Amino acid sequence: MVEQRLAQLDNTFHALSDPTRRAMLRNLSVHERSVGELAAPFRMSLAAASKHIKVLERAGLVRREVKGRTHVCRLDAKPLSEVKDWLQYYERFWSERLDVLEALLRGDAPTPPSSPRKKGRSR
């Protein structure tokens, strides 16, 4: 079960690693689109668009339905919630560092001590 979830997360991150696929997902967030509609902004062949869509399908981010001769794709955002959960764990590290930076910028926190120079050496 855990290995399957990790594989799913890996597939999702792989799918999101490509800017073309991220743009396709953004287009699908508005409404469903055909493979041709997804390919059009990138001036790519239907075969190339289909390869990108297959990666998105393997990640579970896209569902494809055949309507006659047209392949219609729609977004399935469920895998993105697992990515969000994974990222939330690390959010605390960002928040702590940003809180320290904010305190330094406001002058609320003491500045870190500078490193002492060794006697007898000049720079």
Side-chain angles (χ1 to χ4, degrees):
M1 179 76 171
V2 171
E3 284 186 30
Q4 185 180 8
R5 287 186 66 202
L6 290 176
Q8 175 64 37
L9 190 60
D10 289 346
N11 286 338
T12 305
F13 274 116
H14 172 70
L16 295 173
S17 70
D18 184 87
T20 301
R21 292 192 288 267
R22 289 193 304 268
M24 287 179 166
L25 287 177
R26 183 166 298 270
N27 287 336
L28 290 171
S29 71
V30 177
H31 60 81
E32 65 184 34
R33 297 185 191 271
S34 69
V35 172
E37 290 171 325
L38 286 173
F42 307 104
R43 296 187 183 128
M44 67 173 58
S45 68
L46 293 180
S50 187
K51 286 181 182 182
H52 281 292
I53 293 166
K54 284 179 185 174
V55 172
L56 294 168
E57 285 178 305
R58 269 194 303 275
L61 292 164
V62 168
R63 303 283 179 231
R64 188 187 318 213
E65 180 182 346
V66 180
K67 294 181 179 179
R69 295 180 53 180
T70 306
H71 289 229
V72 178
C73 301
R74 72 175 45 90
L75 175 68
D76 183 350
K78 184 179 178 201
L80 293 175
S81 68
E82 291 182 20
V83 169
K84 180 184 73 80
D85 293 344
W86 188 86
L87 288 171
Q88 270 184 322
Y89 173 80
Y90 295 97
E91 183 181 15
R92 65 186 170 114
F93 297 108
W94 305 327
S95 295
E96 289 171 5
R97 286 173 177 78
L98 289 173
D99 289 345
V100 169
L101 177 61
E102 181 181 24
L104 285 170
L105 291 173
R106 288 184 177 187
D108 297 341
T111 57
S114 59
S115 58
R117 292 187 180 185
K118 293 185 178 181
K119 292 182 181 179
R121 295 179 100 184
S122 61
R123 291 189 178 194

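Computed from a predicted model, the values in this text were never measured in an experiment.
Considering only residues two or more places apart in sequence or on other chains, E102 meets the salt bridge (charged side-chain N to carboxylate O under 4.0 Å, His left out) condition with R106. Scored by the salt bridge (charged side-chain N to carboxylate O under 4.0 Å, His left out) test, R74 finds E32, E65 as partners (sequence neighbours excluded).
Following chains of ILVMFWY side-chain contacts shorter than 4.5 Å, one cannot reach V72 starting from L46, and the two form parts of different hydrophobic clusters. Linking ILVMFWY residues whenever their side-chain heavy atoms come closer than 4.5 Å, directly or via other members, places F13 and Y90 in the same cluster. A continuous path of ILVMFWY side-chain contacts below 4.5 Å connects Y89 to W86, so both sit in one hydrophobic cluster.
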Between M44 and H52, is a side chain to side chain contact (heavy atoms under 4.5 Å, CB included) present by the stated rule, with each step listed?
-> CA-CA 11 Å; M44 67 173 58; H52 281 292; 3.9 Å; yes
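With values rounded to the nearest 0.5 angstrom, Q88 atom CD is found 6.0 Å from E91 atom CD. Once rounded to the nearest 0.5 Å, the distance linking CD1 of I53 with CG of L28 reads 7.5 Å.
A donor-acceptor pair is defined here as one N or O able to donate and one able to accept, closer than 3.5 Å; such a pair exists between the side chain of S17 and the backbone of H14.
L80 has its side chain within reach of L16: a pair of non-hydrogen atoms, C-beta onward, lies under 4.5 Å apart. Side-chain atoms of Q8 and K78, non-hydrogen and from C-beta on, never get closer than 4.5 Å to each other. Put simply, the side chain of E82 does not reach to within 4.5 Å of the side chain of T12, judged on heavy atoms. Side-chain contact check for R64 versus C73: some heavy-atom pair is nearer than 4.5 Å.
Heavy-atom minimum distance, P79 versus A59: CG-O, 3.4 Å.
Among L38, D76, L25, V55, the one residue that satisfies the side chain to side chain contact (heavy atoms under 4.5 Å, CB included) test with V62 is L25.
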